[in-house]
Amino acid sequence: MKPAAIETFFATLKAANPMPVTELEYTSVFELLAAVLLSAQATDVGVNKATRRLFPVANTPHKILALGLEGLESHIKTIGLFRSKAKHLMATCRILVEQHGGRVPRTREALEALPGVGRKTANVVLNVAFGEPTMAVDTHIFRVGNRTGLAPGKTPLAVEQQLLKRIPPAYLVDAHHWLILHGRYVCQARKPLCHQCAVAHTCDFQPKTRA
DNA sequence: ATCCCGAGGG
DNA sequence: CCCTCTGGAT
């Protein structure tokens, strides 16, 4: 996709306004970090269901440490990969308390040093909470970037770098939001709804079922 | 490359 | 039954 098409691409996505908007629910930077950590290979709806149980009981590192591992697991059992996520979140809380004064660190290095926090999770926290110009490439954005030709790349990092090159820094949060929604509701992994896609005319992808 | 691992949709 | 979901650690 040519640079000139980028603005048209996002303007068109915005105007199309796809479907019910569900997002991760949080009321603090720590809740954001915890929710994103839990969201690996899980739906936003599923994560919210768990955090609605967990956060009223424990929404700080100290409170989660006080729950104990089994207590934490009991609150998030409905999410896939819950055992490893509970273990990681618990270990992360311990580090936040012992090394960061109970607060979420602001640097990529410190964030990625937390158990269960990789590049994607760090990018979300850096951008959404701290306003840094990062682009978190999740499964949706990786797929949409490659299918459309907006940001082709063999790895999430390559797609991330393409997007950072093409999207103005101030627009990154917005662009991330719209790429996610587009991937979730229109450019679906399994069965993309190309016939009702607002940006089909600027897309490289040709569905097998097309006429 | 493989494992983790529940819920929801097809 | 199958696949996918805002990945990360080993």
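Letters A, B, ... are given to chains in the order of the sequence lines, protein chains preceding strands, and every chain is numbered from 1.
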Query raised in the report: Within this structure, what is the CG-to-P distance between A/Leu126 and C/dT6, rounded to whole angstrom?
Result: 21 Å

Query raised in the report: Say you pick atom P in B/dA7 and the same atom in C/dG8; how far apart are they, in whole Å?
Result: 22 Å

**Report entry** A/Thr121 side-chain N/O to C/dG8 phosphate OP1/OP2 under 4.0 Å
**Finding:** yes

Requested in this report: Rounded off to whole Å, could you give me the CD1-to-P distance for the A/Ile95 and C/dA9 pair?
Outcome: 11 Å

Listing time: all N or O pairs from protein to nucleotides 7-10 of chain B that are below 3.5 Å?
{"residue": "B/dG8", "atom": "OP1", "partner": "A/Lys49", "partner atom": "NZ", "Å": "3.0"}

**Report entry** Whole-Å gap separating C1' (C/dT6) and CG (A/Asn127)
**Finding:** 13 Å

**Report entry** CD1-CZ distance between A/Ile6 and A/Arg166, expressed to the nearest 0.5 angstrom
**Finding:** 5.5 Å

Requested in this report: Could you please name the option among C/dC5, C/dT6, B/dG6 that lies closest to any side-chain atom of A/Gln41?
Outcome: C/dC5

Query raised in the report: Under 4.0 angstrom, heavy atoms only, what part of the nucleic acid is A/Ala42 near: base, sugar-phosphate, or nothing?
Result: base

Query raised in the report: A/Lys87 NZ to B/dC5 C1': how many Å, rounded?
Result: 14 Å

Query raised in the report: Nearest-Å distance, CG (A/Asn48) to P (C/dT6)?
Result: 11 Å

**Report entry** Any residue of residues 129-139 of chain A with a heavy atom less than 4.0 Å from an atom of DNA chain C
**Finding:** A/Asp138, A/Thr139

Show every donor-acceptor pair shorter than 3.5 Å between a side-chain atom in residues 31-39 of chain A and any protein atom, with sequence neighbours excluded, or say none if there are none.
{"residue": "A/Glu31", "atom": "OE1", "partner": "A/Thr27", "partner atom": "N", "Å": "2.7"}
{"residue": "A/Glu31", "atom": "OE1", "partner": "A/Thr27", "partner atom": "OG1", "Å": "3.0"}
{"residue": "A/Glu31", "atom": "OE2", "partner": "A/Thr27", "partner atom": "OG1", "Å": "3.3"}
{"residue": "A/Glu31", "atom": "OE2", "partner": "A/Asn59", "partner atom": "ND2", "Å": "3.1"}
{"residue": "A/Ser39", "atom": "OG", "partner": "A/Val36", "partner atom": "O", "Å": "2.7"}

**Report entry** P-based separation of B/dC4 from C/dT6 [nearest Å]
**Finding:** 22 Å

Query raised in the report: Rounded to the nearest 0.5 Å, what separation is found between the CD1 atom of A/Ile64 and the NE2 atom of A/His75?
Result: 10.0 Å

Report task. Give the rounded distance in Å between these two atoms: CG of A/Leu81 and C1' of C/dT10. Result -> 14 Å

Query raised in the report: Between residues 103-120 of chain A and DNA chain C, which residues have a heavy-atom gap below 4.0 Å?
Result: A/Leu114, A/Pro115, A/Gly116, A/Val117, A/Gly118, A/Arg119, A/Lys120

Query raised in the report: Hey, are A/Glu132 and A/Arg108 close enough for a salt bridge, meaning a charged N less than 4.0 Å from a carboxylate O?
Result: no

Report summary line: Per atom distances to the A/Phe82 side chain, the nearest of C/dA9, B/dG6, C/dG7 is B/dG6

Requested in this report: Whole angstrom is fine here: how far is it from CD in A/Gln188 over to P in C/dC5?
Outcome: 9 Å

**Report entry** With sequence neighbours excluded, residues passing side chain to side chain contact (heavy atoms under 4.5 Å, CB included) with A/Pro168
**Finding:** A/Tyr171

Requested in this report: Please name all residues satisfying side-chain hydrogen bond (donor to acceptor under 3.5 Å, both in side chains) with A/Arg94, sequence neighbours left out, ordered by chain then number.
Outcome: none

Requested in this report: Examine C/dT6: is either OP1 or OP2 under 4.0 Å from a nitrogen or oxygen in the side chain of A/Arg184? Give yes or no.
Outcome: yes

Query raised in the report: If only side-chain N and O atoms of A/Arg143 are considered, is one of them under 4.0 Å from the OP1 or OP2 phosphate oxygen of C/dC5?
Result: yes

Query raised in the report: Rounded to whole angstroms, how far apart are NZ on A/Lys85 and P on C/dG7?
Result: 8 Å

**Report entry** A/Arg103 CZ: over 12 foreign heavy atoms closer than 6.0 Å
**Finding:** no

